[in-house]
Participant: 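A single structure is presented below for examination.
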Amino acid sequence: KADADRSLYTISAKRKQKVMFLMGITLLVFIITTVSLGVAMVVFAKPVFVAHMIFAGFSLTLAIAHAIVAIVWFFPS
């Protein structure tokens, strides 16, 4: 019964790689946006601190999720 339940929730390796790739691309966009807002704030004195912090939080959250998914999917015990 355990094998039948497990096969019900199996995700193919190609699908896992696609999910990780999309998470990675999104993470890169968030990091680039965070850096851009930081540069705009420091160099050009723009009032974008709140947006900078929001994107920094998104970046950190997605980075942690990306790492956890990678460990669970690609380094099983």
Side-chain angles (χ1 to χ4, degrees):
K1 179 164 167 91
D3 289 336
D5 290 340
R6 187 177 185 108
S7 67
L8 186 64
Y9 299 109
T10 302
I11 302 172
S12 69
K14 187 167 182 78
R15 177 113 174 141
K16 289 178 182 179
Q17 290 172 349
K18 187 174 183 180
V19 168
M20 289 293 292
F21 179 77
L22 292 174
M23 288 176 76
I25 292 297
T26 306
L27 179 58
L28 283 174
V29 168
F30 282 169
I31 289 174
I32 290 168
T33 302
T34 303
V35 169
S36 300
L37 289 169
V39 168
M41 202 171 42
V42 172
V43 175
F44 302 111
K46 300 287 183 183
V48 292
F49 178 75
V50 173
H52 171 75
M53 293 306 291
I54 288 171
F55 274 98
F58 286 160
S59 299
L60 179 64
T61 303
L62 188 55
I64 292 169
H66 190 265
I68 290 171
V69 169
I71 290 169
V72 169
W73 277 352
F74 297 107
F75 298 104
S77 56

Participant: Could you state whether Val69 and Ile25 fall into the same hydrophobic cluster, counting links through intermediate Ile, Leu, Val, Met, Phe, Trp or Tyr residues with side-chain heavy atoms under 4.5 angstrom apart?
Facilitator: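 Result: no, two separate clusters.
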Participant: Determine whether Met20 and Val72 fall in the same hydrophobic cluster, where Ile, Leu, Val, Met, Phe, Trp and Tyr are linked whenever their side-chain heavy atoms lie under 4.5 Å apart.
Facilitator: yes
Participant: Name all residues meeting the side-chain contact (heavy atoms from CB on, under 4.5 Å) criterion together with Ile11; count only those two or more places apart in sequence or in a different chain, and write none if there are none.
Facilitator: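 In terms of side-chain contact (heavy atoms from CB on, under 4.5 Å), with neighbours along the sequence ignored, Ile11 is linked to Arg15, Lys16, Trp73.
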Participant: Is there a path from Ile71 to Ile64 through hydrophobic residues (I, L, V, M, F, W, Y) whose side chains come within less than 4.5 Å of each other?
Facilitator: no
Participant: Among the clusters formed by ILVMFWY side chains lying less than 4.5 Å apart, do Val35 and Val43 turn up in the same one?
Facilitator: yes
Participant: Return a table of donor-acceptor pairs under 3.5 angstrom between the side chains of residues 45-62 and protein atoms on other chains or two or more places apart.
Facilitator:
from, atom 1, to, atom 2, distance (Å)
His52, ND1, Thr34, O, 3.0
His52, ND1, Gly38, N, 3.4
Ser59, OG, Phe30, O, 3.4
Ser59, OG, Thr34, OG1, 3.4
Ser59, OG, Phe55, O, 2.8
Thr61, OG1, Gly57, O, 2.8

Participant: Please tell me whether Leu28 and Phe21 are part of a single hydrophobic cluster in this structure, the criterion being side-chain heavy atoms less than 4.5 Å apart.
Facilitator: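 No, Leu28 and Phe21 fall in different hydrophobic clusters.
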Participant: I need the minimum non-hydrogen distance between Leu22 and Thr26, along with the two atoms involved.
Facilitator: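 Minimum heavy-atom separation between Leu22 and Thr26: O-OG1, 2.8 Å.
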Participant: Within this structure, what is the CD1-CG distance for the pair Ile32 and Leu27, rounded to the nearest 0.5 Å?
Facilitator: 9.5 Å
